[in-house]
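Data first, discussion second: the structure below is written as structure tokens.
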Amino acid sequence: MAAEMTESIDRTAATALMRIDGLVRRFGGLTAVNNVSFDVRPGEIVGLIGPNGAGKTTLFNIISGHMKSNTGSMVFDGHDVTNVRASQCARVGIGRTFQIVKPLTTLTVHENVMVGALLRNSFKVARDKAAAIVKRVGMGDLMHRPAGSLTLEARKRLELARALSVEPRILLLDEILSGLNTSEVNESVHLIRSLAKGDGLAVIMIEHILHAVMSLADRIVVLDYGVKIAEGLPEAVVREPKVIAAYLGSDEP
Ligand SMILES: Nc1ncnc2c1ncn2[C@@H]1O[C@H](COP(=O)(O)OP(=O)(O)OP(=O)(O)O)[C@@H](O)[C@H]1O
Ligand SMILES: [Mg+2]
């Protein structure tokens, strides 16, 4: 009996929370995302890397319902979420940040986060949950500052807080470390790790800061010209000749 139970728990832990299968997105003659498939499990951090223009943000736009795919499917927690609207994606538990941050500039930090928290909660509960999230991302002292007055670094943190405000089960992070100094990167790395390993969120993170993504990710997926060219353990993936060639062919490290 005990052995059976252990086996069933193990199987549950290994089950994908999100399954992406054969996604394709074309813009005219350009195939920005070309037959991309991979899975993400609860508590897992997947790094999504690739040169500029590889299709990473486009893939996020599809997963979060901000853009439709031409073909392919997505299953989230056993439900088909292919091409469902962004609001519905947030409702089922898909949270994301935007590469180009866009807070509601006239609202305070707290109010920005409350907007998302109201999706699932009454006003009072949303107010308290939003305050807790603002503190968790280390912005307690900026709680009542208008978002328009924040530095880029603080806007990035607010972006993360807004993604968390919908109480996601999967978090899509689009370059939230870029532009941060070393200690800010370290703080964010610590926070992302605790969200995945402590709270059990699945995380897909697009990141150009390779040492950060290497230290965080359980697995790395590499895109190049829309195609998944590699997937596996961080140390193994960055040594693959195809991956090195993709990066050497671009302006990046
Ligand atoms: N709305 C759009 N209309 C037309 N082309 C687009 C659109 N969005 C993206 N593209 C093109 O699709 C390709 C992939 O872009 P995408 O932004 O997904 O790349 P990325 O991997 O996120 O790059 P970066 O690292 O620079 O952020 C690029 O060639 C881009 O110009
Ligand atoms: Mg991008």
Side-chain angles (χ1 to χ4, degrees), residues 18 20-38 40 45-74 81-86 89 94-103 152-153 155-160 162-163 168 170-180 185 188-189 192 202-217 219-232 234 237-238 240 242-253:
M18 171 153 280
I20 294 161
D21 191 17
L23 288 180
V24 173
R25 171 69 203 204
R26 285 184 281 271
F27 297 113
L30 173 82
T31 307
V33 173
N34 195 347
N35 195 24
V36 172
S37 307
F38 62 93
V40 191
I45 302 176
V46 174
L48 182 60
I49 69 170
N52 289 122
K56 306 177 297 291
T57 297
T58 304
L59 185 60
F60 268 17
N61 287 338
I62 298 168
I63 300 173
S64 65
H66 289 84
M67 194 176 267
K68 288 193 171 170
S69 60
N70 294 105
T71 53
S73 65
M74 288 189 314
V81 291
T82 311
N83 291 341
V84 304
R85 286 195 313 273
C89 285
I94 301 171
R96 75 165 291 178
T97 67
F98 288 87
Q99 185 172 355
I100 298 166
V101 296
K102 39 183 177 184
L152 176 66
E153 185 272 325
R155 283 182 191 221
K156 292 232 158 200
R157 262 170 199 256
L158 174 56
E159 192 63 15
L160 175 58
R162 291 176 79 205
I170 188 165
L171 196 54
L172 313 175
L173 305 176
D174 197 346
E175 296 195 35
I176 62 160
L177 306 179
S178 71
L180 306 191
V185 168
S188 296
V189 162
I192 295 164
V203 175
I204 310 178
M205 59 183 304
I206 297 174
E207 199 46 71
H208 284 296
I209 303 179
L210 271 188
H211 70 83
V213 75
M214 294 276 294
S215 79
L216 268 173
R219 192 151 48 90
I220 286 188
V221 169
V222 188
L223 292 187
D224 189 29
Y225 293 108
V227 175
K228 184 176 88 173
I229 59 164
E231 176 174 5
V237 158
V238 294
E240 285 194 32
K242 267 191 209 171
V243 175
I244 295 167
Y247 273 94
L248 288 177
S250 78
D251 299 332
E252 290 168 40

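Counting convention: from 1, in listed order, for ligands and their atoms alike.
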One checks the Mg ion (ligand 2) and counts protein N, O or S atoms under 2.8 Å, reaching 2
Those atoms of ligand 1 less than 4.0 Å from some heavy atom in T58: 9 (C), 14 (C), 15 (O), 16 (P), 18 (O)
Distance-only donor-acceptor pairs under 3.5 Å for side chains of residues 172-180, two or more places apart:
unit_1, atom_1, unit_2, atom_2, d
D174, OD2, T57, OG1, 2.8
E175, OE2, Q99, NE2, 3.3
E175, OE2, H208, NE2, 3.2
S178, OG, K156, NZ, 3.0
S178, OG, E175, O, 3.3

Give a yes or no on whether F38 atom CZ has more than 12 heavy-atom contacts from other residues, nucleotides or ligands under 6.0 Å away. yes
Within 4.0 Å of some non-hydrogen atom of A54, the atoms of ligand 1 are 19 (O), 20 (P), 21 (O)
Pick one of side chain, backbone, both or neither for how L30 approaches ligand 1, counting any non-hydrogen atom pair under 4.0 Å. side chain
Within a strict 4.5 Å, meaning less than it, do heavy atoms of the S37 and I20 side chains meet? no
Under 4.0 Å from any heavy atom of A32, which atoms of ligand 1 are there? 12 (O), 13 (C)
Which atoms from ligand 1 have a heavy atom of Q99 less than 4.0 Å away? 27 (O)
Compute the minimum heavy-atom distance from G55 to ligand 1 and say whether it is under 4.0 Å. yes
Using a 4.0 Å cut-off to any heavy atom of N52, which atoms of ligand 1 qualify? 23 (O), 24 (P), 25 (O), 26 (O)
Using ring centroids (six-membered ring only for Trp), state whether F60 and H66 fall under 6.0 Å. no
